Amino acid sequence: MNKKKVILGSCGIIFCLIGGSLFALDHFVDRKMILEQLYSNVEKQTGRKLTLTNLDIHIFPWPEIQASQITLSNMPNGKNPDFITAGHLKADLNIWSLWQKKIHFQTIELSDVKIYLERDAQGKKNWDLQSIEKPKDISAIDANKVSRRKWKWQFNNVQLLNVECWYDDAYTHKNAHLIFTQAELNQLESNKVKFNINGSHHHADFTISGRVSHFDELLENEGIVSQPVKFQVNLTQYIRKQNIGSLRVSGTLKNLVQIKGYDITLRGTILNLNDLNQLLPHANLPSIENITLSTAIKDVASDNDPVAKPQINQLQLHTGKIKADFLPADLQLTSTEIIANDLNSNVNTQITGQLYGTMFRWSGDLGSLRSLQNNFFFQTKKMLSVSGKLTSANYNLELNGNIGGNTPSLDVNLNLLKYNNYFKGIGDINAQNIKYTGKITASFPLILSFFMHMSNEDLYNIYTNGKLTSNSIKVNQFHFDNFSTNVAWKNKELALTQFQLANNVSNFKGNILYSIKQAPPTITINLKPSSFPMKWMEAYFAIANVYTGQVTIMGDFFSKGYDWQEWKNNITGKLGLLGTDGKLEAEGLKHYIGQAASTLPLKESLATQCLAVRAQINPEILYFDTLTLQTNQFALNGQGDLNIPDQKLNLHFTPDIRLGAISASAPIRVGGTLSKPYTTFDKNKNKVFSLNINALTKSVVPTNYCKDALDKARNPLGISLKK
């Protein structure tokens, strides 16, 4: 017999056997038994009722089972009556499995699927499926053993088509709607399950694919499985058919329900995190461009520490521009890099951005990755290590030390290259080697959940206590080589005590208190006796050069406002100013007293015995109760006021002129403005000029006005109040 006849004969026998088997199939399968067992098993495992209609077994052209109108009931008191519904089910049947009382499907296809996920106001979730343990009926079990043997189910692949998923959360008042055009699960009978899902949401599309090993053991066990499940998931997102990012998650998992025993690696890139709001509209994700992420996270919980926080073994994050509500309005981050390659390595950071329109760059580290995650994950007050440099065109700042904890210690070195944003009116400030040594503590724990909800009020609860020093500060053309002050920030108040700013010709001392407890902020200055050249004040206030020499100034001042201009317009206080051994400049004095200068014995420059001024400062009026200038030839004593906004003068002087045995005086009034004053003679008992001639044999000792005037200047708080 030739080979061709043998093959044809064998095929004919096989076709007859298959045909006979298929012909007998409809009589062999008990549909009612299958449905009853299916309903019972599903309800026992999930606590929900399963229903379906039109269960059909088709023989030709190939064996398959079809059903329609499949439903799985919702939890009691659920918003929708059904948890899952499907319009149609189709399954390819392996007929050889029927002989072993096993229903084996190569592929199960569900189409027109609707899934209703919900959580009620008490937080109960309808996807928490609870198994029902019923007491065993021994008689029924025995009867089943006698009458029939249970069928087994097995399927390889599952396909879901046209899936709609609704999410309704009454607990958080959020809802969502997802559409899956296709979802496939393959190789379910093996230990390496593959899946591929294509879906969309609002204006975004996504693709999820990957594989899972030992998936069957994970599903069958509610506790920790002995063999960790290995998985890999790839997520790709699309906006208007443009790829906006991809994420790859891989690792192991020992418990699916409680998410325990995991060791996960996450890598990926996202063009803009804000785009994912179209995929997850209730996430409210900030705008972060060009994200590249690589991290490894491990669950370190154990029997001894069952609630241990996750451990980050690796962190590599690169981002572009960041726009987020948690950043101050004037702060923009243009690029960020955070790298820690293992648990014990330092967290290196590189950040560039803009602050008030000025570019800056931070380069440094935040301690080890282990200590950083301990600060973020644990509800205790921990210490944060900081080391690095902050640089820009206007300043550079170096930090080294610890923030928070029980023993904080921080060293700060600042070089202020040019700063005039807030101090317009004073001028430019250029400072080198500004050093801060001290402590910075926080009244709150350094934890991640706190920083995600940080407010300005929380920032005010950061306390500082230390000292500022510098050997080079320049304000306009004035250079100081000695600056020091104690610094304390607490309860929304900044206190600078034992303040000192000095060079070879000046020395300013005092205390400053700046408070933001209420709006607008307030500033209080207590100026201790400070020395500087009088020409500095003459230059700043555009006063004619009247006095050359060192002067001492002191007083208490108070103001409120948000910047220097507001401070100037709201200042109140009391001022004392005095000088000895200086020189009176004739031209400057003539500028203010005009024709009255002809009554005085003036030279170009005249040695003085004293200059004494005491004044009260109000927002619009500078009131003088003491104005004394005394030389060997004459003295000027006066009072009056200066209108600050208009710079209008209203001063009254009484000269005391000594010419041997003759003394003369002509009361003078100075009006006009600082730049254009004018002089008139006040009437003194209807006389403009008074003259006293003493005995020729005895000269009159000049009156010493300095002692009383200097005592008043040294006690500015004693000035009477004027409104």
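Both backbone and side-chain heavy atoms feed into the values below; hydrogens, waters and symmetry mates do not. The structure presented is a predicted model; accordingly, all values stated were derived computationally and were not measured.
Annotation: salt bridge (charged side-chain N to carboxylate O under 4.0 Å, His left out) contacts of Asp708 (sequence neighbours excluded): Lys712. Under the rule for a salt bridge (charged side-chain N to carboxylate O under 4.0 Å, His left out), the partners of Glu493 that lie at least two apart in sequence or sit in another chain are Lys517.
Counting only distance, with no hydrogens or angles, the side chain of Ser392 and the backbone of Asn394 share a donor-acceptor pair below 3.5 Å. Judged purely by atom type and a 3.5 angstrom limit, Arg714 has no side-chain atom pairing as donor or acceptor with the backbone of Gly576.
Side-chain contact, Gln639 with Asn637: no donor N or O sits under 3.5 Å from an acceptor N or O. With no hydrogens or angles considered, no side-chain donor-acceptor pair links Asn400 and Asp411 at under 3.5 Å. Defined by atom type and a distance below 3.5 Å, a donor-acceptor pair is present between the side-chain atoms of Asn402 and Ser385. Side-chain contact check for Asn632 and Gln609: at least one donor-acceptor pair (N or O, by modelled atom type) lies under 3.5 Å. No hydrogens or angles considered: a donor-acceptor pair under 3.5 Å links the side chains of Asn526 and Asp556.
Within a 6.0 Å radius of CD in Gln518, other residues, nucleotides and ligands contribute 12 heavy atoms or fewer. When the shell of 6.0 Å around CD of Gln354 is examined, it contains more than 12 heavy atoms from other residues, nucleotides or ligands.
The minimum heavy-atom distance between Asn503 and Val505, with the atom names listed, is OD1-N, 3.0 Å. Here the closest heavy-atom approach between residue Tyr547 and residue Thr580 is recorded as OH-N, 3.5 Å.
One distance of note links CG of Leu494 with CD1 of Ile523; it measures 9.0 Å at 0.5 Å rounding.
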